[in-house]
Amino acid sequence: MRTAYFFLGAFLAIAQSAYAEVASPPVLAPLKRQAQAAELSAQFLSRYSYKPVPLDDALSARIMDAFIKSLDPDRMLFLQADIDGFMSDRSEIDDAIEERDLKIPFAIFKAYQQRVVDRMNYARSRLKQGFDFSAQENYSVLRDKAPWPQSEAESNELWRKRVKSDWLRLKLGGKNDAAIRETLDKRYENTLERAYKFKSDDVFQSFMDAYSTSIDPHTDYFGAAASADFNVSMKLSLFGIGAVLQERDEYTTIRELVPGGPAQLSGKLAVGDRITGVGQGKDGAIKEVVGTRLDEVVQMIRGKKGSVVRLDILPADAGADGTHRVISLVRDKISLDKQAARKSVLSVKVGEATRKIGIITLPVFYEDFEAKGKGDQDYKSASRDVAKLLDELKQEKVDSVLIDLRNNGGGSLDEAIDLTGLFIGNGPVVQQRSSSGKIEVKSAELAAPVWTGPMGVLINRGSASASEIFAAAIQDYGRGVIVGEPSFGKGTVQTVVDLDRIVRNSKPEFGELKVTIAQFFRVNGGTTQLHGVTPDISLPGLSDPTSFGETSYDNALPWAEIKPANYTPADTITTLLPALQSRHDARVESNPDFQRLLKDIADLKAQREKGIVSLNEAERRKEAAAREKRFKDRAEAGDGEDLGDDGLEAGERSLSADIAIENARKNAKDVLLDETVAILADEADLQEGVLRAATKESGNTNGK
């Protein structure tokens with residue numbers, strides 16, 4: 001069995017359709033290995049999970065509900081008659097898994113594919129007709145709890161409004177009727193074509209996702225493709241050509257070249273070039289890949305280091321019948337540096353002094369387990385990279401360090417512990433309770449901290465797992481100030497289990513399970529489960545706690561508490577908090593950027609609670625005019641540009657336009673980061689004042 005690494009951190013007959021002349025999607029059938037994998041997973045999950053859940057009728061019902069929800073979350077596709085038919089098998093999934101018979105989920109998926117075909121063909125047919133935008137009607141954008149349509153006529157009415165809404169967005173974005181018809185027809189056609197590209201493994205992965213998350217929100221199943229992607233995300237590396245690819249109009253298109261990768265160093269590829277064929281080795285036949293799924297093309301291009309891959313390229317500026325060229329590239333190790341820790345420095349004026357704040361952004365707690373297991377001294381890890389950045393920031397003589405963990409969903413537990421050690425040195429970081437009730441205290445073991453100066457942590461609702469362990473430890477020790485939103489609330493530990501290793505299977509067939517095996521607790525005895533980490537100084541956020549975070553799961557573990565670990569907290573931050581809060585309140589009250597952000601958040605919340613959009617053009621133009629005025633005022637104040645809403649989806653603009661919008665969003669003023677940096681500058685200022693006062697007092701005492 002593989003070494004255990006811990007993670008914190010995913011039928012009935014259809015009624016005759018009006019579009020029966022359209023060919024039905026291919027019928028997908030379960031494979032023997034999938035049925036075996038499901039049964040093997042059931043054996044493991046029902047015995048070894050932190051809270052074992054028996055595979056019975058009750059769990060069967062939850063799996064069915066989760067599977068249907070994953071296919072039709074907005075209840076826009078299935079009819080109530082479909083759902084009624086599915087429900088007749090709602091308590092049979094447990095028996096089906098034990099009997100290695102997966103006909104039920106595959107039959108449901110077949111119905112889903114057919115409904116996609118029906119709805120997309122209906123949507124395309126509606127484009128031939130006009131819409132009355134002077135009518136007073138609304139379209140519901142929140143349908144996750146709405147009833148399924150009772151009839152095809154009711155479904156048609158729902159989709160009429162959906163198409164009208166799509167049309168109106170494009171119209172408000174400045175498109176004429178001809179351009180709108182072309183854009184939407186292509187959009188719906190692309191969705192239609194995807195229904196014909198599903199494979200048996202896609203169905204099985206979706207079904208196993210429904211099964212695993214019905215056990216608990218953070219138990220997962222990884223088929224071969226999902227397992228490979230997970231390993232890449234933890235290692236931050238792969239063997240390939242170093243190109244970010246995107247599917248655009250049936251072509252696999254170069255969206256970005258990774259600096260230093262084979263593709264960029266060759267000088268033979270450019271952003272926008274289209275890959276029309278892939279060949280293996282120096283003389284292997286080139287297989288055409290136009291219309292092939294992106295993930296399949298990616299797998300063809302990845303390969304062993306030093307091996308050759310040949311690409312048939314249609315240049316970016318060439319027409320569909322343009323001249324192709326074939327290039328050869330040697331695969332190499334590609335580092336995914338965008339997900340690695342990175343630093344920057346901002347200067348802030350505090351009174352007469354200027355404070356330099358070092359910012360370390362950490363998107364994920366990564367660790368190359370494979371390289372570490374082989375004894376590689378230079379294996380990639382988050383804490384190692386952060387330690388190097390801290391040394392660099394020391395050389396730059398920063399006054400304080402901020403660890404930005406916004407939207408960091410977690411990763412390696414060991415890395416969370418080691419990262420904490422960079423700031424506390426030696427001491428307990430987290431407590432872990434197994435299913436048997438045994439509690440283990442896990443500690444950082446550095447002889448001395450790497451950074452001893454003022455520091456803080458910035459979190460939001462997307463900060464989960466390992467991020468919460470780190471932030472909680474820093475807070476419990478009083479080591480730094482925690483700023484932002486309450487975090488996600490994931491207080492459980494997972495390990496990855498290779499199902500093939502368990503049964504001593506010589507070839508990879510059955511996939512892997514990420515299984516919850518423990519719950520973690522703070523050193524103060526509490527847990528981040530459900531509650532998350534509550535910041536010392538709160539900042540506003542855009543997320544909706546009812547739909548994002550641990551509290552949004554109906555099968556999440558409850559909050560709990562155990563005895564505190566043996567640790568020694570400091571009271572530095574507690575002493576400074578009233579002054580920090582007072583300075584923060586005064587600053588944001590007079591900060592126009594911050595006040596505009598509060599207004600944006602209030603508007604978003606109001607729209608979310610409203611749950612509908614008007615399909616009346618005059619009303620929408622009035623709303624758009626108000627929005628444009630607000631953005632114009634911001635632009636005049638130097639607060640970025642109005643990106644607006646052109647009604648287009650990703651891939652419908654030109655590639656250069658998509659990239660320009662993405663860059664504009666990346667470069668937009670980060671109001672929350674700026675305020676957090678100001679808070680840390682205050683922290684450094686106040687701590688220096690405390691130190692000066694203590695030094696003066698000591699001098700007076702010595703002089704007596």
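Remember, predicted model here, so these are calculated numbers, not experimental data. All values below were derived from every heavy atom in this structure, side-chain atoms included, with hydrogens, water molecules and symmetry-related copies excluded.
At most 12 non-hydrogen atoms from other residues, nucleotides or ligands lie less than 6.0 angstrom from CG of Asn566. Under a cut-off of 6.0 angstrom, the local environment of NZ in Lys394 is crowded, with over 12 non-hydrogen atoms contributed by other residues, nucleotides or ligands. Within 6.0 Å of atom OH in Tyr48, 12 or fewer heavy atoms from other residues, nucleotides or ligands are found, so the atom counts as exposed in its surroundings.
At least one side-chain heavy atom of Arg479 sits under 4.5 Å from a side-chain heavy atom of Trp451. Contact annotation: the side chain of Asn460 never approaches that of Ser543 to less than 4.5 Å [non-hydrogen atoms, C-beta and beyond]. For the pair Phe207/Ile93, a side-chain contact is recorded, criterion being any heavy-atom separation below 4.5 Å from C-beta on. By the 4.5 Å heavy-atom criterion applied to side chains, Tyr50 and Leu557 are counted as neighbours. Between Gln432 and Leu413 there is a side-chain heavy-atom pair separated by less than 4.5 Å. Inter-residue side-chain proximity for Phe67 and Ser206 is flagged as met; some heavy-atom pair is nearer than 4.5 Å. Asp674 places none of its side-chain heavy atoms less than 4.5 Å from the side chain of Val671. Within the 4.5 Å cutoff, the side chain of Leu604 has no heavy atoms near those of the Asp600 side chain.
Smallest separation of non-hydrogen atoms from Gly489 and Glu468: N-OE2, 2.6 Å. Smallest separation of non-hydrogen atoms from Gln529 and Glu550: NE2-OE2, 3.0 Å. Between Gly478 and Ile573, the closest heavy-atom pair is O-CG1, 3.3 Å. The nearest pair of heavy atoms linking Ala444 to Val429 is N-CG2, 3.7 Å. Nearest heavy-atom pair, Ala341 versus Leu362, reported as atom, atom and distance to 0.1 Å: CB-CD1, 3.7 Å. Considering every non-hydrogen atom in both Leu598 and Pro540, the closest pair reads CD2-CG, 3.7 Å.
Between the side chain of Ser212 and the backbone N or O of Thr219 there is at least one donor-acceptor pair closer than 3.5 Å. For Ser465 (side chain) and Gly411 (main-chain N/O), no donor-acceptor pair under 3.5 Å exists by modelled atom type. Judged purely by atom type and a 3.5 angstrom limit, Ser467 uses its side chain to pair as donor or acceptor with the backbone of Asn408. Between the Gln687 side chain and the Thr572 main chain, no donor and acceptor come within less than 3.5 Å of each other. In this structure, the side chain of Asp399 engages the main chain of Lys356 through a donor-acceptor pair within 3.5 Å. Using a distance-only test at 3.5 Å, with no hydrogens or angles considered, no donor-acceptor pair links the side chain of Ser46 to the main chain of Leu55. For Ser487 (side chain) and Val533 (main-chain N/O), a donor-acceptor pair under 3.5 Å exists by modelled atom type. Judged purely by atom type and a 3.5 angstrom limit, Asp57 has no side-chain atom pairing as donor or acceptor with the backbone of Asp94. No donor-acceptor pair under 3.5 Å is formed between the side chain of Glu683 and the backbone N or O of Pro454. Within the 3.5 Å criterion, the main-chain N or O of Val53 finds no donor-acceptor partner in the side chain of Lys51.
The existence of a salt bridge linking Glu392 and Lys388 is excluded, since no basic side-chain nitrogen approaches an acidic carboxylate oxygen closer than 4.0 Å. Ion pairing of Lys380 with Asp385 is present here, as a side-chain N (NZ or NE/NH1/NH2) and a carboxylate O approach within less than 4.0 Å. Ion pairing between Glu440 and Lys442 holds under the 4.0 Å rule for side-chain N and carboxylate O. A salt bridge links Lys669 to Asp593: one of the charged nitrogens lies within less than 4.0 Å of a carboxylate oxygen. At a threshold of 4.0 Å, the pair Arg406-Asp404 counts as salt-bridged, since one of the basic side-chain nitrogens sits closer than that to a carboxylate oxygen.
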Worked check of side chain to side chain contact (heavy atoms under 4.5 Å, CB included) between Phe520 and Thr528: CA-CA 8 Å; Phe520 69 76; Thr528 60; 3.2 Å; yes
Could you walk me through whether Gln395 and Asp391 satisfy the side chain to side chain donor-acceptor pair (under 3.5 Å) test, starting with their C-alpha distance in whole Å, then the side-chain angles of each, then the deciding distance to 0.1 Å, before giving a yes or no? CA-CA 6 Å; Gln395 296 300 315; Asp391 285 336; over 6 Å; no
Should Lys374 and Tyr379 be marked as a side chain to side chain contact (heavy atoms under 4.5 Å, CB included) after you check the CA-CA gap, both sets of side-chain angles, and the distance that decides it? CA-CA 9 Å; Lys374 291 179 179 177; Tyr379 71 89; over 6 Å; no
Apply side chain to side chain contact (heavy atoms under 4.5 Å, CB included) to Leu458 and Leu405, showing your working. CA-CA 6 Å; Leu458 177 57; Leu405 296 180; over 6 Å; no
Step by step, work out the side chain to side chain contact (heavy atoms under 4.5 Å, CB included) result for Asp670 and Leu672. CA-CA 6 Å; Asp670 191 337; Leu672 298 180; 4.1 Å; yes
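Legend: residues meeting ring-ring contact (aromatic ring centres under 6.0 Å, His included) with Phe239, ordered by chain and number and at least two apart, are absent. When the side chain to side chain contact (heavy atoms under 4.5 Å, CB included) test is applied to Glu675, the partners found at least two apart in sequence or on another chain are Leu539, His584, Arg587, Val588, Phe594, Ala678, Ile679. Under the rule for a side chain to side chain contact (heavy atoms under 4.5 Å, CB included), the partners of Thr354 that lie at least two apart in sequence or sit in another chain are Ser347, Lys349. Scored by the ring-ring contact (aromatic ring centres under 6.0 Å, His included) test, Phe470 finds Phe423 as partners (sequence neighbours excluded). Under the side chain to side chain donor-acceptor pair (under 3.5 Å) criterion, Glu396 pairs with Lys343, sequence neighbours left out.
For Gln595 and Asn591, the side-chain atoms include no donor-acceptor pair closer than 3.5 Å. Looking at Asp571 and Thr574, their side chains never bring a donor and an acceptor atom within 3.5 Å of each other. If you check the side chains of Gln494 and Thr492, you find a donor sitting under 3.5 Å from an acceptor.
Screening Arg355, Arg583, Gln581 against Asp682 for a side chain to side chain donor-acceptor pair (under 3.5 Å) leaves a single residue, Arg583.
Note: Glu509 CD to Leu40 CG = 11.5 Å, rounded to the nearest 0.5 Å. In this structure, CG in Asn407 is found 11.0 Å from OG1 in Thr361, a value given to the nearest 0.5 Å. From Phe44, atom CZ reaches atom CD of Glu39 across 14.0 Å, with rounding to the nearest 0.5 Å. For the atom pair Leu393 CG and Ile357 CD1, the distance stands at 10.5 Å (nearest 0.5 Å). Rounded to the nearest 0.5 angstrom, Ile359 CD1 and Leu673 CG are separated by 4.5 Å. Distance CD/Glu485 to CG/Leu542: 7.5 Å, rounded to 0.5 Å.
The ring-ring contact (aromatic ring centres under 6.0 Å, His included) contacts involving residues 477-497 comprise Tyr477-Tyr567, Phe488-Phe548, where partners must be two or more places apart or lie in separate chains.
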